[in-house]
Amino acid sequence: MIAKLLKNREILLVGAIAVLLALIALRFPGFVAPFNLARVYNDTSILIILALGQMAVILTRCIDLSMAANLALCGMVAAMLNAAFPGLPIPLIILAAMALGGLLGMINGTLVWKLDIPPIVVTLGTLTIYRGLIFLLTDGKWINAHEMSDAFKALPRLDLAGMPVLSWLSLLMIAVMFLVMSRTPIGRAFYAVGGHPHAAVYTGIDVGRTRFFAYCLSGTLAGLSGYLWVSRYAVAYVDIAAGFELDIIAACVIGGISIAGGIGSVAGAVLGALFLGVIKNALPVINISPFAQMAISGTVIIIAVAVNARAERRKGRVILRKAEAV
Amino acid sequence: MKPAITLEGISKSFPGVRALSDVSLALYPGSVTALIGENGAGKSTLVKILTGIYQPDSGMIRVADTETTFPTALAAARAGVTAIHQETVLFDELSVAENIFLGHAPRNRFGLIDWKKLNADAAALLQRAGADFDPTIRLRDLGIAKKHLVAIARALSVDAQVVIMDEPTAALSHKEIHELYALIERLKADGKAILFISHKFDEIFRIADRYTVFRDGTMVGEGLIADASQDDLVRMMVGRAVDSVYPKKDVKIGEAVLTVSGYRHPTEFEDINFELRRGEILGFYGLVGAGRSEFMQSLIGITRPSAGAVRLDGNVLVIRNPAEAIRAGIVYVPEERGRQGAIIGMPIFQNVTLPSLSHTSRSGFLKLANEFALAREYTARLDLRAASLDQDVGTLSGGNQQKVVIAKWLATKPKVIILDEPTKGIDIGSKAAVHAFMSELAAQGLSVIMVSSEIPEIMGMSDRVIVMREGRIAGRFERSELTAEKLVRAAAGIETQINGRAA
Amino acid sequence: MAHAQLSPRNIPDRLEGRGARLLRSWEALLIVVATVIFLGNSFASPYFLDPWNLSDATFNFTEKAMIAFAMALVIISGEIDLSVASIIALASTAMGYAVQLGVDTPVLVAIGLGVGLVCGAVNGLLITGLGLPSIVVTIGTMSLFRGLSFIILGDQAFTGYPESFAWFGQGYVWWVLSFEFTLFALLAVAYGVLLHKTNFGRAVYAIGNNQTAALFSGVRVARVKFTLFLLTGLMAGLASICLTSRLGSTRPSIALGWELEVVTMVVLGGVNILGGSGTIPGVVLAALIMGMVTFGFGLLNVPGIVMSIFIGLLLISVIALPILWRRARRRLAH
Amino acid sequence: ENKKIALVVKALGIGFFEAANKGAQEAAKELGDVEIIYTGPTSTTAEGQIEVINSLIAQKVDAIAVSANDTDALVPALKKAMDRGIKVISWDSGVAKEGRLMHLNPSSSPLIGNMIIKLAADNLPEGGDVAVLSASATATNQNTWIAEMKKVQVNYKGINVVATVYGDDLADKSYRETQGLIQSHPNLKAIIAPTSIGIVAAAQAVTDAGKIGQINVTGLGLPSEMAGHVKSGASKSFAIWNPIDLGYSATMIAYDIINGAEAKPGAELKMGRMGTVKLDDNNEGAMADPFVYDASNVEEFAKIF
Ligand SMILES: Nc1ncnc2c1ncn2[C@@H]1O[C@H](COP(=O)(O)OP(=O)(O)OP(=O)(O)O)[C@@H](O)[C@H]1O
Ligand SMILES: Nc1ncnc2c1ncn2[C@@H]1O[C@H](COP(=O)(O)OP(=O)(O)OP(=O)(O)O)[C@@H](O)[C@H]1O
Ligand SMILES: [Mg+2]
Ligand SMILES: [Mg+2]
């Protein structure tokens with residue numbers, strides 16, 4: 001029973017996070033106080049939302065390297081909208097950011113779907129283009145806290161039943177994605193398309209269109225994250241979240257989402273993101289040199305793939321011919 | 001009787017290939033129509049058009065007198081057409097139930113998938129297909145035979161009037177084939193129209209009521225099975241008569257070339273001992289999944305045996321990878337042509353010379369002239385049909401790809417050649433060519449191991465036969481004592497009398 | 001292609017000659033693009049056609065191109081190595097550390113190449129030994145290698161490289177011909193021969209097109225792949241020597257983000273990111289194109305990010321245009 | 001024929017450098033025969049700056065005034081520029097001696113080091129714990145200032161510098177590091193961030209943690225970016241020199257050198273309305289004292305830079 005439980009990737013990850021927290025608690029007990037854990041969760045919320053979008057894309061055997069650039073562009077546009085029309089209701093701005101993110105995702109999706117360009121090439125290209133567009137849009141200028149309206153900055157921090165709206169939003173996204181992935185045809189199609197694209201065609205699933213939807217989804221979530229990022233850190237400039245695409249992918253990989261497609265779960269993506277989040281937040285607290293952070297997350301990624309690959313391989317082995325025991 | 005579905009004037013081209021031109025076909029309720037033709041005749045293409053996977057360039061489809069189109073696989077299913085396809089089209093990571101219902105899962109009133117109903121429906125369908133396992137387990141945990149039952153259950157999950165089976169028996173064992181026949185009888189009794197595609201004439205004559213023959217993408221004949229003989233059908237298919245006698249030559253068998261003793265593997269096979277002699281064709285028979293491929297692959301260093309020794313010409317060999325096997329003179333023509341044999345994306349000549357590069361090159365540098373010479377020699381010997389030698393193998397038909405793969409191995413000038421299901425999925429004309437070639441090789445003093453799941457082929461071609469069951473040797477027979485019944489019994493491990501099919 | 005017309009015993013070696021093949025090739029397209037950019041630059045800036053300026057411009061791409069050659073082989077074999085820029089950083093850090101111990105140029109070079117090889121071996125072992133997907137492994141080692149540089153260096157820099165070490169990144173072989181460009185040209189020839197004229201190169205293509213079938217055909221897949229990762233590591237070490245010598249100092253953020261530029265160069269060069277096809281001449285042309293674009297824009301003082309937009313568009317459009325063109329032609333034919 | 005003076009900055013789009021460009025343009029207008037090329041890489045890397053410098057060499061500009069991302073890495077490229085007759089000076093963030101004719105410090109490092117700790121101490125009469133949030137770990141100037149600060153720390157009794165962390169010039173990382181500081185040092189009274197990105201992120205993190213009034217954020221920042229935080233009380237005061245003056249002075253010095261002024265120890269170079277700068281033994285000079293901004297004047301300057 002316990003052995004069976006341990007095989008489960010998500011439970012393994014929960015265990016790993018628990019061990020990690022215990023180790024940190026040894027040096028700094030305050031870190032595991034419920035209040036602080038809630039803070040760590042809140043700090044990881046954006047990564048969780050992004051990892052959910054990336055998960056959908058990776059499940060279909062694609063990859064979205066442009067998510068961080070998309071986030072930056074949408075965040076900048078949200079900030080510019082707010083700066084230009086301070087009276088604009090914040091929900092409208094959020095919708096605009098999500099719509100723009102969705103549109104940018106659609107561009108990726110269309111290039112993958114209609115032109116059959118490999119996803120890594122498409123998003124490598126749009127990654128530079130989206131970031132470049134921010135520069136063209138702003139001439140490289142920053143939008144600073146005092147140019148943003150108070151309502152714009154306040155929303156993610158607003159306290160609702162003891163937790164900031166940012167945390168609630170990520171919980172909502174987790175719930176929505178869980179429903180989408182497990183209970184809707186498109187969610188199941190993500191798995192089918194990544195698991196066996198050729199066979200998906202025979203079940204009436206349009207592979208290209210499914211990938212297109214995955215990119216729309218990741219784009220929309222990147223758009224939402226764009227607003228959240230900019231309002232949370234109260235600043236917008238060309239380079240925000242530069243390099244964050246690799247964190248997003250790392251979260252997915254740690255969460256057991258197979259880069260070859262078809263394998264992965266919402267819980268995995270969330271846990272993978274949390275694992276990274278705990279490490280990131282713990283390092284400054286337990287006085288490990290900030291310079292060691294990069295090496296640590298690299299090592300974690302390598303261990304995670306190795307563990308996941310082993311788990312997969314063991315399960316994949318079908319022993320057809322049992323000995324004469326029967 | 002009114003046809004359940006009619007195709008008229010269907011044409012379909014792929015870049016550079018006209019797969020179907022102006023074909024017509026009608027399927028009748030309660031009747032099995034056999035569709036036969038050489039490899040690449042366009043049979044599967046027709047199936048894909050019927051199930052909405054490809055769109056025809058021209059022509060029309062009529063279901064119960066109304067003209068329709070099938071823009072997607074789903075549309076075809078809704079119109080009552082379902083198929084068991086030639087390729088596996090299942091998903092290892094999803095549950096059995098979901099594999100059955102993917103694309104048309106039952107939904108609740110919020111439009112969300114209703115897992116409870118889905119699992120219950122799946123269990124019912126599995127029962128109908130003759131399977132009784134839990135529909136919630138993941139597909140990858142099933143063996144190949146059970147997977148096949150899932151594919152059948154999936155086909156049944158559509159409430160269809162037309163059921164298409166594209167070579168459904170190619171990967172099935174004896175017992176399962178008989179269960180499939182029973183299922184077909186039941187479907188027939190329910191008034192379904194069935195299209196049945198196969199290269200095996202014995203089963204066509206057993207279950208089909210009508211036939212349609214394709215050649216090079218055109219329809220060349222149709223009629224009632226009762227009015228036709230095998231020779232008639234073959235002549236229509238190939239355009240000439242084909243000798244149905246196996247071209248086995250009598251060869252003087254020489255001394256032992258390859259000796260295998262005590263081969264075992266923790267999970268795949270054990271206790272394998274045998275000798276292979278010069279000029280001999282040694283047949284390996286068994287049901288699908290008996291472990292023959294796995295064992296053969298251990299001989300060339302793909303899988304590692306945990307114990308055992310091989311001797312070639314009396315010298316003990318240690319083979320850790322295929323490169324060493326090739327150097328020693330043992331080559332293996334794999335079973336899965338697309339995955340293990342042909343390198344699609346590379347030209348024909350490069351495919352042929354890949355294992356022989358050390359001979360055609362000079363100190364590691366390629367010599368194209370030598371490569372072309374070698375490729376020319378061996379493709380000509382195998383009667384390859386191609387436009388040029390630098391054409392991508394992927395553009396060849398299946399049978400011709402198989403010829404390239406065999407040429408590749410012969411070009412290494414081996415002492416022992418292992419052919420794993422060399423004629424699987426190959427049409428009757430090419431099959432005869434492969435058989436003729438095999439006996440010629442043996443006559444030239446090569447030692448041949450032929451793995452096959454077809455009793456006629458085993459009986460027609462082998463000097464000796466070893467039968468494997470569940471990873472062990474279950475019987476050895478000399479040519480003189482071979483009967484179909486003995487083979488089947490040994491392979492299935494049963495003592496009771498079952499109906500072996502005679503060749 | 002009706003086979004009836006072909007007499008089976010006489011299959012020609014090739015249907016079209018060398019010229020016809022070249023005309024339809026990706027390289028032909030790149031040559032056109034390169035010419036257009038060259039002419040465009042010559043018209044746009046009076047400073048472009050100056051031998052010294054052109055020579056200076058080559059420094060924009062030579063180091064990346066060295067890695068791109070090895071990366072091309074890795075990608076053709078169906079893998080990818082995203083850790084190259086971090087290997088540069090780690091190799092540079094190691095050399096800088098050695099300088100503090102008073103080591104001289106030849107040993108420095110050996111250290112740079114050695115660290116590259118070791119990093120390549122780590123990648124190779126993880127990928128071929130444990131059978132892990134290269135994209136994820138090298139995302140991991142990318143953080144790991146650069147992370148080690150950060151641990152060693154923190155916010156410090158290593159400087160004080162010996163005078164003679166400067167030659168690799170700043171020296172000239174003859175007149176305007178820099179050492180780096182000479183090395184680039186020699187490596188281009190070496191990699192061209194390796195990929196297109198040797199058994200090893202053939203094995204790389206075979207693995208990229210069908211790894212399993214290659215294994216069954218006697219190709220030592222693991223060994224070839226391991227060698228490829230070693231080569232990429234070695235090239236990153238070499239690039240690290242050149243770059244460190246050119247900068248005269250080491251910081252852990254050296255060559256940040258180069259991995260994507262190298263991959264872009266390789267893909268622009270017509271190498272299929274999914275493996276199986278691509279050529280070295282294509283990569284050479286892509287390197288020249290990217291170098292000319294950045295230099296041309298630089299002369300017009302266009303911000304770097306606008307150049308990257310251009311490269312991004314170029315990347316997508318050179319791949320999309322042939323597809324669209326083929327599609328349009330088919331539609332017309334119908 | 002106009003003189004071409006290139007103002008090379010760490011990265012385009014940073015408010016501080018945009019302001020410096022304003023000053024350079026002002027100088028150009030004043031001088032009449034000067035054309036300013038305002039350029040730089042898009043992210044703060046040495047390699048990016050070298051590419052920019054190479055293209056400036058190719059354009060045969062008359063002078064390059066650079067704020068360097070790396071003290072040493074630019075030296076070879078700048079040496080080449082000087083070999084081809086281009087006058088090279090550095091400003092703000094300097095390059096090593098061999099790579100330039102002179103360096104213009106915005107202020108002197110000891111003055112800045114003293115200023116940042118004084119800003120913290122002035123609001124802590126009883127003393128207390130203070131932490132430093134530095135910028136990019138590889139930037140040149142911040143770490144010098146922190147070193148200078150630590151030298152004079154003894155003069156401020158009761159002020160304890162408990163930690164130094166690095167925000168890498170990234171808003172999110174600086175924010176997280178600040179959260180870590182607040183966590184691990186419950187008695188923290190002030191955060192010194194001698195970086196314009198870090199100070200904003202730190203002020204935001206303090207605001208979000210509800211610690212306004214308990215923890216004072218100070219250091220070096222831009223009025224336009226800090227105005228909101230001064231208003232909210234997260235930051236009582238901060239300092240910066242005027243970047244417009246800095247760009248203006250650098251241009252003026254470059255022009256002076258083009259016209260034959262020699263940069264050698266002891267020399268005085270003309271900086272137009274800013275007067276003159278006297279070079280020390282390292283050929284470095286300081287422009288002016290840093291200027292302190294607080295609630296009384298920040299609004300006014302926020303409109304300018
Ligand atoms: N997707 C495709 N692209 C290009 N050509 C194709 C494609 N599918 C089929 N063809 C070609 O169309 C022709 C008919 O193929 P099809 O698969 O229908 O043959 P088949 O009769 O089913 O043969 P087999 O008995 O081997 O299954 C062949 O020449 C094949 O190469
Ligand atoms: N669980 C499974 N799922 C899918 N395919 C399977 C499974 N088990 C076996 N196969 C496939 O079935 C075929 C036969 O399996 P295997 O090689 O183990 O036995 P064999 O006795 O050598 O078979 P054969 O009689 O076909 O030579 C192979 O193509 C293998 O890939
Ligand atoms: Mg077929
Ligand atoms: Mg087999």
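The sequence lines fix the lettering, A, B, ..., with proteins before strands; numbering per chain opens at 1. Computed from heavy atoms alone, side chains included, the values below leave out hydrogens, waters and symmetry copies.
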Taking side-chain contact (heavy atoms from CB on, under 4.5 Å) as the test, write out the residues that go with C:Phe297, two or more places apart.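 C:Val293, C:Val302, C:Met307, C:Phe310.
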Please enumerate all residues that pass side-chain contact (heavy atoms from CB on, under 4.5 Å) together with D:Glu284, with sequence neighbours excluded.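 In terms of side-chain contact (heavy atoms from CB on, under 4.5 Å), with neighbours along the sequence ignored, D:Glu284 is linked to D:Arg100, D:His103, D:Asn105, D:Asp280, D:Asn282.
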Is there any residue in residues 233-247 of chain C with a non-hydrogen atom under 4.5 Å from a non-hydrogen atom of chain D, and which ones are they? C:Leu243, C:Arg246, C:Leu247
Heavy-atom pairs under 4.5 Å with chain C - which of D:Ala77, D:Ala58, D:Ala96 has more of them than the others?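 The candidate making the most pairs under 4.5 Å is D:Ala58.
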Ranked by heavy-atom pairs below 4.5 Å to chain D, first place among C:Ser249, C:Pro46, C:Gly248 goes to C:Ser249
By a 4.5 Å heavy-atom criterion (distance strictly below it), what part of D:Gln59 contacts chain C: side chain, backbone, both, or neither?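 Both parts, heavy atoms under 4.5 Å.
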Using the test ring pair (Phe, Tyr, Trp, His ring centres under 6.0 Å), find all partners of D:Phe17 that sit at least two apart in sequence or belong to another chain. D:Trp91
C:Asp56, part contacting chain D, at a heavy-atom distance under 4.5 Å: both
Give, as side chain, backbone, both or neither, the part of C:Ala255 having an atom under 4.5 angstrom from any heavy atom of chain D.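 Both backbone and side chain of C:Ala255 come within 4.5 Å of chain D.
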Can a salt bridge be assigned to the pair D:Glu26 and D:Lys29 using a cut-off of 4.0 Å between side-chain N and carboxylate O? no
Decide, yes or no, whether a salt bridge links D:Asp70 with C:Arg251 under the criterion of side-chain N to carboxylate O below 4.0 Å.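 Yes, charged N to carboxylate O under 4.0 Å.
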Partner of D:Lys80 under side-chain contact (heavy atoms from CB on, under 4.5 Å), chosen from D:Asn54, D:Val75, D:Ile50, D:Ile53: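 With D:Lys80 as partner, D:Asn54, D:Val75, D:Ile50, D:Ile53 yield a single side-chain contact (heavy atoms from CB on, under 4.5 Å), made by D:Asn54.
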Does the side chain to side chain donor-acceptor pair (under 3.5 Å) test come out yes or no for D:Ser55 and C:Tyr47, once each step is laid out? CA-CA 9 Å; D:Ser55 66; C:Tyr47 305 110; over 6 Å; no
I'd like to know if the side chain of C:Glu180 reaches the main chain of C:Tyr172, judged simply by a donor and an acceptor atom lying under 3.5 Å from each other, with no hydrogens or angles considered.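 Looks like no, no N/O pair under 3.5 Å.
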